[in-house]
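First comes the structure, then the notes that go with it.
Just so it is clear, the structure is predicted and the values come from calculations on it, not from any experiment.
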Amino acid sequence: MPRVSPLNMVIASLLVAIGYQVLDLDNSHFPWSAGYLILMAVACFAADLIFRSFLPDLKRIWIVELSFIIFVAILMFIIRSF
């Protein structure tokens, strides 16, 4: 039975955003924005596989993946402010 994790939810939301980018015909930045979203989804998928291979307990996966998401969000905010 598949286990739901925070990175799975992030990947699902990225796929929805990619679908929105594809369907938004007025967007002139489609190739770049969809490309970045696809790259982020692949990176999140790889990170999820790595965390799942090292952490067998679902509770620990949730704690580590939520910490990872918060760390990446703060890092993106800091980088974007420069």
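The hydrophobic clustering, which links ILVMFWY residues whose side-chain heavy atoms are closer than 4.5 Å, places Leu49 and Ile61 together. Both Ile69 and Met76 belong to a common hydrophobic cluster when Ile, Leu, Val, Met, Phe, Trp and Tyr are linked at side-chain heavy-atom distances under 4.5 angstrom. Leu58 and Leu55 are assigned to two separate hydrophobic clusters, defined by single-linkage of ILVMFWY side chains at heavy-atom distances under 4.5 Å. No single ILVMFWY cluster, assembled from side-chain heavy atoms under 4.5 Å apart, contains both Leu39 and Tyr20. A chain of hydrophobic side-chain contacts below 4.5 Å, direct or via other Ile, Leu, Val, Met, Phe, Trp or Tyr residues, connects Leu75 to Phe68.
Phe51 contributes atom CZ, which lies 13.0 Å from atom CD1 of Ile63 (distance to the nearest 0.5 angstrom). Distance check, rounded to the nearest 0.5 Å: CD of Gln21 to CG of Leu37 gives 6.0 Å.
Contact between Cys44 and Leu7 at its shortest, heavy atoms only, is O-CD1, 3.9 Å. Taking each heavy atom of Trp62 and Pro6 in turn, the nearest pair found is CE3-CG, 3.5 Å.
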Considering only distance and modelled atom types, tabulate donor-acceptor pairs under 3.5 Å from the side chains of residues 9-19, sequence neighbours left out.
residue : atom : partner : partner atom : Å
Ser13   : OG   : Met9    : O            : 3.4
Ser13   : OG   : Val10   : O            : 2.8

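For the salt bridge (Lys or Arg N to Asp or Glu O under 4.0 Å) test, residues two or more places apart in sequence or in another chain that qualify with Arg52 are Asp48.
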